[in-house]
Amino acid sequence: MGRRYRGWRAWRLAVGGVLLVAVALWLGWPRPWLEIKHGTTLIAVYPGASGTRFSLRWMHSVEREDWIECYRVVGRKIDIAATRFKTFGAGVPAHAGRRTQLVNGWVVMSGIDRDVDPLTVQAAAAERYRFRYGDGPWHRLSYGRAEPILVFAIVRAPLIAVAWPRLATLWRGPAVASTRS
């Protein structure tokens with residue numbers, strides 16, 4: 001009976017060790033991420049494998065109509081895939097990409113496929129810049145009178161490097177200013 005128990009225990013330790021190594025490799029293996037930064041401040045990180053799609057939406061400052069630009073990750077770079085808008089305005093080309101059509105009141109230009117990596121955007125609050133990852137909800141990119149200059153780029157990093165800053169913040173809690181003099 002004692003010999004079987006020791007064998008079971010050794011087997012459990014071996015399996016536990018293998019699982020621990022597998023988890024460490026999974027956490028440490030570099031993978032692509034879509035990173036959004038304002039200067040040196042990391043705003044957000046999303047999985048950024050080839051084929052990943054995201055969109056930016058804003059109100060054109062002259063036309064006062066929404067514009068949507070659709071991007072996708074191709075390999076390790078960001079490409080603009082398509083754009084859509086309600087009206088032609090100053091500086092808008094008659095054709096961009098391989099196809100221009102009218103869809104439900106929007107002018108849609110698709111097949112643009114132009115490398116824009118890294119993508120730099122001045123997300124002026126007056127233009128109500130919004131971001132959407134995949135088919136998810138829209139997220140505001142600026143508040144108040146802020147006009148942050150945001151950089152969207154594909155970076156390769158292990159999951160632990162991406163998750164650690166957020167986990168460390170949760171562990172420590174929010175920074176609290178000291179009331180002592």
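Taking CG of Leu150 as the reference point, atom NE2 of His38 lies at 6.5 Å (rounded to 0.5 Å). The distance from the CE atom of Met59 to the CD atom of Glu65 is 9.5 Å, given to the nearest 0.5 Å. Taken from CD1 in Ile78 to CD1 in Ile154, the straight-line distance is 4.5 Å, to the nearest 0.5 Å. Rounded to the nearest 0.5 Å, atoms CG (Asp113) and CZ (Arg72) are 4.5 Å apart. In this structure, NE2 in His139 is found 13.5 Å from CD1 in Ile43, a value given to the nearest 0.5 Å. One distance of note links NZ of Lys86 with CG of Asn104; it measures 8.5 Å at 0.5 Å rounding.
Heavy atoms from other residues, nucleotides or ligands lying under 6.0 Å from CZ of Arg156 number more than 12.
Between the side chain of Arg130 and the main chain of Arg128, a donor-acceptor pair closer than 3.5 Å is present. Listed for the Tyr129 side chain is no donor-acceptor partner under 3.5 Å among the backbone atoms of Glu147. Counting only distance, with no hydrogens or angles, the side chain of Ser50 and the backbone of Gly75 share a donor-acceptor pair below 3.5 Å. Side-chain N or O atoms of Asp79 include none that pairs as donor or acceptor with a backbone N or O of Ala81 at under 3.5 Å.
A continuous path of Ile, Leu, Val, Met, Phe, Trp and Tyr side chains, each step under 4.5 Å between heavy atoms, connects Ile80 with Tyr133, placing both in one hydrophobic cluster. Connection of Val116 to Leu56 is established within a shared hydrophobic cluster, with ILVMFWY side chains joined at heavy-atom distances below 4.5 Å, either directly or through further cluster members. Hydrophobic clustering, with ILVMFWY side chains joined whenever heavy atoms are under 4.5 angstrom apart, groups Phe85 together with Tyr71. Clustering ILVMFWY residues whenever any of their side-chain heavy atoms sit less than 4.5 angstrom apart, transitively, puts Val74 in a cluster other than the one holding Val155. Each of Trp138 and Trp67 belongs to its own hydrophobic cluster when Ile, Leu, Val, Met, Phe, Trp and Tyr are linked at side-chain heavy-atom distances under 4.5 angstrom.
Taking all atoms of both residues into account, the shortest heavy-atom contact from Pro32 to Ala49 is CG-CA, 3.7 Å. What you find for Pro148 and Leu141 is that their closest heavy atoms are CG-O, 3.8 Å. Nearest heavy-atom pair, Ser110 versus Ala82, reported as atom, atom and distance to 0.1 Å: CA-CB, 3.9 Å. The nearest pair of heavy atoms linking Glu35 to Leu42 is CG-CD1, 3.3 Å. Here the closest heavy-atom approach between residue Asp66 and residue Trp106 is recorded as O-CZ3, 3.4 Å. Nearest heavy-atom pair, Asp117 versus Arg76, reported as atom, atom and distance to 0.1 Å: OD2-O, 4.2 Å.
Checked against a 6.0 Å centroid threshold, the rings of Phe54 and Phe152 count as neighbours.
Counting heavy atoms from C-beta on, the side chains of Val107 and Leu102 come closer than 4.5 Å.
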